[in-house]
Amino acid sequence: MAKVTIDKNACKGCGLCTLACPKKILAISSTQSNDKGYFIVEVTDPDKCIGCAACAIMCPDCVLEVER
C-alpha cells in the first residue's frame with residue numbers, strides 16, 4: 001500500500017495535486033489550515049492510493065512525498 005506524506009506548513013492549497021490524482025483521493029480541507037492561513041490538502045481515502053506520484057509531480061512546492 002502506498003503512503004502520501006504532506007508537508008502541511010509548506011502547502012499553499014493551490015489544488016493542483018487534487019486535479020492530478022487519478023483516484024481523486026486528495027481534497028482541499030475545509031477545516032484544516034496551516035500556520036500561514038492556507039487551507040491544506042488532505043488525503044480522503046489513503047487505502048485507495050496506488051502510489052503513482054502524479055500528485056507529487058504536479059505540486060509546484062514539492063510538499064507531497066509518495067512512498068510505495
For V4, the rest of its hydrophobic cluster, which grows through side-chain links under 4.5 angstrom: I6, I25, L26, I28, F39, V41, V43, V63, L64, V66
Fellow cluster residues of I40, listed by chain then number, with links counted only when side-chain atoms sit under 4.5 Å apart: none
Minimum-distance pair of heavy atoms, taken over all atoms of G51 and R68: O-NE, 2.8 Å
Closest non-hydrogen atom pair between G15 and T18, with its separation: O-OG1, 2.5 Å
With D7 via salt bridge (charged side-chain N to carboxylate O under 4.0 Å, His left out) - residues at least two apart: none
NZ on K36 to SG on C11, rounded to 0.5 Å: 10.0 Å
Atom pair CG (L19) and SG (C55), whose distance is rounded to the nearest 0.5 Å: 12.0 Å
Qualifying side-chain hydrogen bond (donor to acceptor under 3.5 Å, both in side chains) pairs, either residue in residues 37-54, two or more places apart: none
With K12 via side-chain hydrogen bond (donor to acceptor under 3.5 Å, both in side chains) - residues at least two apart: D61
Side chain to side chain contact (heavy atoms under 4.5 Å, CB included) partners of I50, counting only residues at least two apart: P22, K23, C52
